[in-house]
Amino acid sequence: MTKRNIIALIDCNNFYVSCERVFDPSLEGKPVAVLSNNDGCMVSRSAEVKALGIPMGAPAFKHEALIAKHGGTLLSSNYALYGDMSMRVMQTLEQFSPEIEIYSIDEAFMSLNGFPTVDLEAYATQIRDTVKRWTGIPVSVGIASSKTLAKVANHWAKRVPGFKGVLSLLDEERLEKALKLTPVGKVWGIGRQYDKFLRGCGIENAWQLRNADERFIDRYLTSVGHKTVLELQGYHAISLEEAPQDKKSILVSRSFGKQVDSLEELKEAVSSHVSVAAQKLRQQNSLAARMMVFLSTNRFKEGPQYSNSKQMVLSPPTAYTPELIKYAMELLEEVHLPGFEYKKAGVMFSELVSSDDVPLNFLETNYLDDKRKVLMDTMDKLNRKNRRDTLFVASCGTKQQWQMKRARLSPAYTTRWSDLPRAK
DNA sequence: TCTGGGGTCCTAGGACCC
DNA sequence: TCTGGGGTCCTAGGACCC
């Protein structure tokens, strides 16, 4: 932990919007925002939208008119497209270092240990230019001696035009200056609550947090907060995770495109969510030992509210969709109260165990040792090869009127890869 | 009319046992 | 009848992230 490390954080600039612009260059230079599921709120905003003062997560309907007035565009999210683009960006990045952690769909940490430090910003510029040329996506690069400091570096690389998307904070003087200018709430790991608390204690910026009294940190911050402080001091307290870890829980939920009051429709929706979640489960070779079903009314709407969940232990653990759906329906019946207009439902699997760790010769019949697994594998294979819903369990329904809205979806670029524009 | 979804980690406190 | 302390395990919920 004490060894001097060099970490780069590469972060795509307003990633979803940038993906859309790669395929539709006419969106360049205009306000563009990509909306969350159900076309609800803005989850990716172009610089022009930010300049209009529209905050992250703002409901679309509130700002629709303003965006239209400035010749802008709102788009439904197209995760198939963003997933593909993300893969291309990450593959490009892998050429620049043997040690890389894909942290999210639009971010990666990279170890630059052993690289000649004098030219690191030049190297970062080369990374940036290459990603832009090969994928069309603009990125920013922050370099520092810990992940948390690399986040700070990236923050300023993105916001100060003079840095041209690249900033190294390996230099102590520059680091001090940057940390003094960084509000404490912008530090990775400091959210709204800690921001408020720390400010109340007179800690306003990252530099003050870095130098805060150790007893104060021990007393008022959790172990996570403690790590954050160490990271600000330049220690490598949060390590680079190169191999993607298996999920410890899998959750699938959706808001409905309309209010839903019938139990039948709720059953269809939950069946569908269970099907998707179970497929994810099998994809990482896991079985679930616990399942939770939950639903809720629209919290933004006047009227009676209800939100609740029920869970059960699955013994033996399973990943067999029909079985999971059967139990999920029982949970749903328990948790459902008639007379409410529901807006959202979902399912969560937790206490996941690897198939390899489950003994095959249980006395009970086991998902793994009979035909059920073969059936699921076949279904997954078919659905991967064709559309995701080529084969599905009947309880998911066919009308699916509760489905989410995606009224502003961009064309299906991903089905026409030959059209992918090659940037000059 | 219209306000997302999917994760992780940590802690406090209850239940239970001796 | 009232009084104890310590330990573990589990769960709900909070806080944070993208």
Side-chain angles (χ1 to χ4, degrees), chain A residues 9-12 14-16 33-45 54-65 67 74-79 82-83 86 101-109 147-148 151 154-155 184-198 219-228 238 241 244-259 273 276-277 280-281 284 289-290 292 294 296-302 307-313 341 343-352 403-408:
Chain A
L9 171 64
I10 299 98
D11 192 325
C12 300
N14 39 65
F15 182 55
Y16 299 168
V34 172
L35 307 177
S36 64
N37 279 331
N38 243 340
D39 294 345
C41 38
M42 302 190 202
V43 292
S44 178
R45 302 158 299 147
I54 299 173
M56 178 67 175
F61 71 89
K62 275 193 188 165
H63 305 280
E64 212 173 343
I67 294 207
L74 294 178
L75 292 163
S76 301
S77 42
N78 185 344
Y79 286 104
Y82 313 147
S86 175
E101 173 188 343
I102 298 173
Y103 178 68
S104 73
I105 195 166
D106 68 338
E107 272 175 84
F109 290 103
K147 283 181 164 183
T148 304
K151 278 266 184 187
N154 192 288
H155 175 88
V184 72
K186 294 281 183 206
V187 173
W188 191 42
I190 304 298
R192 266 218 311 274
Q193 301 303 318
Y194 280 117
D195 181 36
K196 213 170 111 185
F197 170 74
L198 290 169
R219 174 75 182 80
Y220 294 109
L221 270 58
T222 64
S223 54
V224 176
H226 204 129
K227 275 191 185 179
T228 298
I238 304 172
E241 305 277 350
Q245 306 293 308
D246 276 349
K247 303 269 179 273
K248 295 175 178 173
S249 64
I250 288 172
L251 185 149
V252 174
S253 73
R254 288 287 178 280
S255 294
F256 305 128
K258 57 164 194 155
Q259 304 285 327
H273 298 341
V276 174
K280 291 185 184 182
L281 199 58
Q284 68 167 35
R290 182 179 287 270
M292 178 171 82
F294 56 92
S296 62
T297 51
N298 188 348
R299 68 185 199 280
F300 295 106
K301 219 174 151 184
E302 294 282 313
S307 167
N308 205 354
S309 66
K310 287 267 187 235
Q311 47 180 309
M312 68 183 290
V313 170
E341 301 246 287
K343 183 60 178 175
K344 183 176 180 172
V347 63
M348 181 163 91
F349 298 146
S350 57
E351 286 171 32
L352 310 188
Q403 276 288 9
M404 65 183 180
K405 274 184 294 196
R406 288 169 97 194
R408 306 160 187 272

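Labels below follow one simple rule: chain letters A, B, ... track the order of the sequence lines, proteins then strands, and each chain is numbered from 1.
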Rounding to an integer number of angstrom, what distance separates C:dC17 and B:dT3 when you compare their P atoms? 25 Å
Q.
Suppose you measure atom C1' in C:dC18 against the same atom in B:dC2; what distance do you get, rounded to whole Å?
A. 24 Å
Contacted region of DNA chain B by chain A, from 5' end to 3' end of the hits, cut-off under 4.0 Å to heavy atoms, spans B:dC2 to B:dT11
On DNA chain B, more 5' by nearest nucleotide between A:Ser253 and A:Val224 is A:Ser253
Assert: residue with more 5' nearest nucleotide on DNA chain B, out of A:Lys405 and A:Lys344, is A:Lys405
Determine the contact category for [X]: base if any of its heavy atoms lies under 4.0 Å from a base atom, sugar-phosphate if only primed atoms, P, OP1 or OP2 are that close, otherwise nothing.
X: A:Ile105; result: nothing
X: A:Asn37; result: sugar-phosphate
X: A:Asp106; result: sugar-phosphate
X: A:Ile250; result: sugar-phosphate
X: A:Lys196; result: nothing
X: A:Ser223; result: sugar-phosphate
X: A:Gln311; result: sugar-phosphate
X: A:Glu107; result: sugar-phosphate
X: A:Lys258; result: nothing
X: A:Val313; result: nothing
X: A:Arg290; result: sugar-phosphate

Note: A:Leu251 and A:Met348 closest approach over all heavy atoms is CD1-SD, 3.7 Å
Check: [X] side chain, [Y] main-chain N or O, donor-acceptor pair, under 3.5 Å:
X: A:Arg406; Y: A:Asn37; answer: no
X: A:Lys343; Y: A:Phe256; answer: yes
X: A:Gln284; Y: A:Lys247; answer: yes

Dot-bracket for DNA chain C, 5' to 3', Watson-Crick and G-U pairs with both distances under 3.5 Å, [ ] for crossing pairs, | for partner on another strand, reads ....||||||||||||||
- Would you check if A:Ile190 and A:Leu198 make a side-chain contact, meaning some heavy-atom pair closer than 4.5 Å? yes
**Asked** With side chains defined as the heavy atoms from C-beta onward, is the minimum distance between A:Val43 and A:Tyr16 less than 4.5 Å?
**Response** yes
Query raised in the report: Taking the six-membered ring where the residue is Trp, are the ring centres of A:Tyr194 and A:Trp188 under 6.0 Å apart?
Result: no
Applying salt bridge (Lys or Arg N to Asp or Glu O under 4.0 Å) to A:Asp39 and not counting sequence neighbours gives none
**Asked** Which word best sums up how the rings of A:Tyr220 and A:Phe197 line up, parallel for under 30°, tilted for 30 to 60°, or perpendicular for over 60°?
**Response** tilted
A quick test of your reading: do over 12 heavy atoms of other residues, nucleotides or ligands sit less than 6.0 Å from NZ of A:Lys258? yes
